[in-house]
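When reading the values below, keep in mind they use all heavy atoms of this one structure, side chains included, and skip hydrogens, waters and symmetry mates. Whatever order the structure lists ligands and atoms in, that order sets their numbers, starting from 1. All figures in this text were calculated on a predicted structure; none of them were measured in a lab.
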Amino acid sequence: MIYDYIVIGAGSAGLSFAALMENKGHSVCLLEAHTIPGGCSSYFERDGYTFDAGATTLSGLKTGRPLRRLIDELNLDLDLVHVDPGIVSVINHKKIHRFSDPQKWNEELSKHFPDVDHKKLWSYFREIEKRGWILTSTFKNIPVRSFKSLFSFLSFKLPTALKTTPELFRSVDSELKKYNIHYQDYLDIIDEMLFITAQNGREETPLLMGAMGLCYPEDTSYAMGGMKAFSESIAKKCSTIFYRHEVQKIIPHENSFTVKTRQGEFEACNVVSTIPFWNHAELFEDQKAKNFFSTKNKPDPSECWSAFMVYLTIPLSPERKDLYFQIHCPQIPNCETKSYFVSLSHPDDKSRSKNGRQVVTISTHSRSSAWLGIDKEIYTRKKEQTSEFILESLKKEFQLQDNDLQNVMTGTPKTFVKYTRRYNGLVGGIPHSIKRNPLEYIIAGSPYKNFYMLGDTQFPGQGIAAVVLGSQNLVNYLN
Ligand SMILES: Cc1cc2nc3c(=O)[nH]c(=O)nc-3n(C[C@H](O)[C@H](O)[C@H](O)COP(=O)(O)OP(=O)(O)OC[C@H]3O[C@@H](n4cnc5c(N)ncnc54)[C@H](O)[C@@H]3O)c2cc1C
């Protein structure tokens, strides 16, 4: 059979693209290397508990935003709970609740950091965020794939686009400087929030992406059943998924492609690949594609992050009402940022919170170079050192005893290589930076006609909502 589309990778990008295209009547074959769907938004089961493997939060659920549109269009069977506060930042004995309601958030900030015009600053962030969403939800051809769509990009919503363009060249810090903020804790909270949303700090993150990232906790939800429920709900809408089918080679023909796996060959008129940019070099034989996907080409992989993960269960506590915490701490050994992100299973989620215990996923930014290609003993020692540091801090912040921590496991960039096949275990996408050429964001490249790329190393992908938006835009372009 010759499919209309072969999709490579059943992460959030591949699942959403395949389900939406099938919904439009196309024949789609989804090939996934792992045994289950989800990729970085996947899960694993141990000792009767279901752990989120990477991503834990869902955003972009307000009307017109990517996940809301996906859920409505595919009629996904999901039980979502809005989480408010979206994040609790814990810093120097302060707990700062990132409330959804603008007034409550201003009051919370004023309580901890008086004499700053929070209302003005955050109204401005919210205005930029709104413009960002207007552009992304009304202009459905980004990144542009033809002159025709470039022209429509320039003519459509021109005033909003013109007003927003300078915010691609200006950093979040340039705006903060106007407010004379002398509270280091406040700046650190903003920095670490940016690291988990834009993958960069305030000095480099463009104001547009920064404002969208800083406002994302206002639109955060928990999926009952965790990421397993989220990814499986989309997978159910894809009739042809082959798991344990790692793509080994892609052979382009004049009007079609052969895609080879160890289990067999597949043919399609179009291929949509959602694996990281640099993974493609080894999938093609010809030099043209190898050059296109070379690591010397942009985006530079050395600028990208991987993650260190700790998974465990802790006793449920009636006092612990919040689900997502960003705990600030001194430099974590073998990691780079000064915080770690803690996600808890919802206490009412009976499929995950059971036996009086809550499931915990902890993540923090780390460089692949700290973990790959090193001696096994050193690797093991580093892993212990990093997880001990995080667990000691967690015990202090959550008032836990040693024996409260059970089912403890860790993950490193090596784990991401094993379970997601991502080049060097790099996750989270390309850090947004004012140093990058904005044309890289806007123009979609590909070495072949009818070969398309999606996912979090392609614009607009960063986080689940953004990779889904990329899929929705490609579906729109192809139909
Ligand atoms: C620790 C962590 C926490 C995060 N937290 C959040 C969060 O809370 N909220 C949020 O929105 N985002 C979060 N993100 C980001 C988000 O998870 C990702 O940006 C998004 O899931 C990426 O989806 P993707 O489809 O582009 O790629 P992936 O999820 O990597 O999917 C690619 C798929 O391709 C498969 N694959 C690879 N090579 C091959 C091959 N040769 N053949 C066949 N299949 C192949 C992989 O197995 C994988 O399933 C987080 C990421 C990490 C790592």
Side-chain angles (χ1 to χ4, degrees), residues 6-18 30-42 52-61 66-67 83 86-87 196-197 199 213 216-217 219-223 226-227 230-231 234-235 241-250 259-263 266 272-280 282-283 304-311 323-324 340-341 343 361-366 411-413 415-423 425-430 453-458 460-471:
I6 285 175
V7 179
I8 305 174
S12 294
L15 286 169
S16 52
F17 179 83
L30 178 50
L31 300 173
E32 166 57 48
H34 196 21
T35 53
I36 48 171
C40 290
S41 42
S42 193
D52 287 340
T56 53
T57 63
L58 295 177
S59 192
L61 285 150
L67 279 195
V83 182
I87 299 184
I196 57 168
T197 50
Q199 308 297 323
Y216 114 91
D219 179 17
T220 294
S221 282
Y222 175 91
M227 284 297 134
F230 174 70
S231 296
I234 318 176
I241 308 186
F242 293 100
Y243 293 108
R244 292 193 177 90
H245 277 62
E246 180 173 359
V247 171
Q248 308 282 321
K249 281 281 168 269
I250 304 172
V259 177
K260 291 187 175 183
T261 72
R262 283 203 187 90
Q263 286 71 21
F266 300 80
V272 176
S273 177
T274 69
I275 63 180
F277 179 85
W278 316 279
N279 280 55
H280 293 92
E282 59 184 28
L283 297 185
C304 300
W305 292 103
S306 190
F308 186 88
M309 310 293 302
V310 184
Y311 310 96
L323 294 188
Y324 303 121
Y340 56 94
F341 192 75
S343 304
T361 294
I362 297 176
S363 60
T364 187
H365 288 73
S366 189
T412 70
T415 322
F416 282 103
V417 172
K418 182 172 176 193
Y419 291 105
T420 67
R421 313 288 199 274
R422 293 181 69 101
Y423 178 84
L426 300 176
V427 291
I430 317 288
M453 284 174 290
L454 289 175
D456 63 9
T457 57
Q458 304 295 319
Q462 247 203 11
I464 298 167
V467 301
V468 167
L469 177 62
S471 301

Sub-4.0 Å heavy-atom approach of [X] to ligand 1:
{"X": "Gln248", "value": "no"}
{"X": "Pro276", "value": "no"}
{"X": "Ser41", "value": "yes"}
{"X": "Ser12", "value": "yes"}

Counting from 1, what ligand 1 atoms have a heavy atom of [X] closer than 4.0 Å?
{"X": "Ile8", "result": "42 (N), 43 (C)"}
{"X": "Val427", "result": "53 (C)"}
{"X": "Ala13", "result": "25 (O), 26 (O)"}
{"X": "Gly455", "result": "26 (O)"}
{"X": "Gly38", "result": "29 (O)"}
{"X": "Gly11", "result": "25 (O), 29 (O), 31 (O), 33 (C), 49 (O)"}
{"X": "Met309", "result": "1 (C)"}

Inset, instruction - Return yes when atom CD of Glu282 has more than 12 non-hydrogen atoms of other residues, nucleotides or ligands closer than 6.0 Å, and no otherwise. - result: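 No.
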Inset, instruction - Inspect the surroundings of NZ in Lys249 and state if more than 12 heavy atoms from other residues, nucleotides or ligands are less than 6.0 Å away. - result: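 Enclosed: over 12 neighbouring heavy atoms sit under 6.0 Å from NZ of Lys249.
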Inset, instruction - Name the orientation class of the two ring planes belonging to Phe242 and Phe266 (parallel below 30°, tilted from 30 to 60°, perpendicular beyond 60°). - result: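 Because their plane-to-plane angle lies in the 30° to 60° range, the rings of Phe242 and Phe266 count as tilted.
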Inset, instruction - Look at the aromatic rings of Tyr423 and Trp278 and report parallel, tilted or perpendicular, splitting at 30° and 60°. - result: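 The arrangement is tilted - the two ring planes meet at 30° to 60°.
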Classify the contact between [X] and ligand 1 as side chain, backbone, both or neither, using a heavy-atom distance cut-off of under 4.0 Å.
{"X": "Thr57", "answer": "both"}
{"X": "Val247", "answer": "both"}
{"X": "Ser363", "answer": "side chain"}
{"X": "Ile275", "answer": "side chain"}
{"X": "Leu31", "answer": "backbone"}
{"X": "Arg421", "answer": "side chain"}

Hey, is the main chain of [Y] close enough, under 3.5 Å, to the side chain of [X] for a donor-acceptor pair?
{"X": "Trp305", "Y": "Gly428", "value": "no"}
{"X": "Asp52", "Y": "Gly226", "value": "no"}
{"X": "Asp219", "Y": "Ser59", "value": "no"}
{"X": "Ser306", "Y": "Gly425", "value": "yes"}
{"X": "Tyr311", "Y": "Ala53", "value": "yes"}
{"X": "Thr274", "Y": "Ile8", "value": "yes"}
{"X": "Thr457", "Y": "Phe277", "value": "yes"}
{"X": "Thr364", "Y": "Phe308", "value": "no"}
{"X": "Ser16", "Y": "Ala13", "value": "yes"}

Legend entry - Minimal non-hydrogen separation, Ser231 against Ser41, with atom names: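 That closest heavy-atom pairing would be OG-O, 2.9 Å.
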Inset, instruction - Quick one: closest heavy-atom pair of Leu58 and Met227, and the distance? - result: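 Closest pair (atom of Leu58, atom of Met227, distance): CD2-CE, 3.7 Å.
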What protein heavy atom is closest to [atom], reported as residue, atom name and distance in Å?
{"atom": "atom 43 (C) of ligand 1", "answer": "Ala33 N, 3.4 Å"}
{"atom": "atom 46 (C) of ligand 1", "answer": "Thr420 O, 3.3 Å"}
{"atom": "atom 19 (O) of ligand 1", "answer": "Asp456 OD2, 2.9 Å"}
{"atom": "atom 2 (C) of ligand 1", "answer": "Gly54 C, 3.6 Å"}
{"atom": "atom 15 (C) of ligand 1", "answer": "Gly463 CA, 3.9 Å"}
{"atom": "atom 34 (O) of ligand 1", "answer": "Gly9 CA, 3.1 Å"}
{"atom": "atom 11 (O) of ligand 1", "answer": "Ile464 N, 2.8 Å"}
{"atom": "atom 27 (O) of ligand 1", "answer": "Arg422 NH1, 3.3 Å"}

Legend entry - Sub-3.5 Å N/O-N/O distance, Cys40 and ligand 1: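 Between Cys40 and ligand 1 (N or O atoms, distance only) the closest approach is under 3.5 Å.
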Inset, instruction - Kindly confirm or rule out an N or O of His34 lying under 3.5 angstrom from an N or O of ligand 1. - result: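 No.
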Legend entry - Of the listed options Ala55, Ala53, Ser471, Gly14, closest to atom 5 (N) of ligand 1 (non-hydrogen atoms):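 The residue whose heavy atom sits nearest atom 5 (N) of ligand 1 is Ala55.
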Legend entry - Option of least heavy-atom distance to atom 48 (C) of ligand 1 (set: Met453, Met227, Glu32):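 Closest candidate by heavy-atom distance is Glu32.
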Inset, instruction - Determine whether Ser366 and Thr412 make a side-chain contact, defined as any pair of heavy atoms from C-beta on separated by less than 4.5 Å. - result: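 No, too far: nothing below the 4.5 Å cut-off.
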Inset, instruction - Working to the nearest 0.5 Å, report the span between CD1 of Ile464 and OG1 of Thr56. - result: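 If I round to the nearest 0.5 Å, the distance is 8.0 Å.
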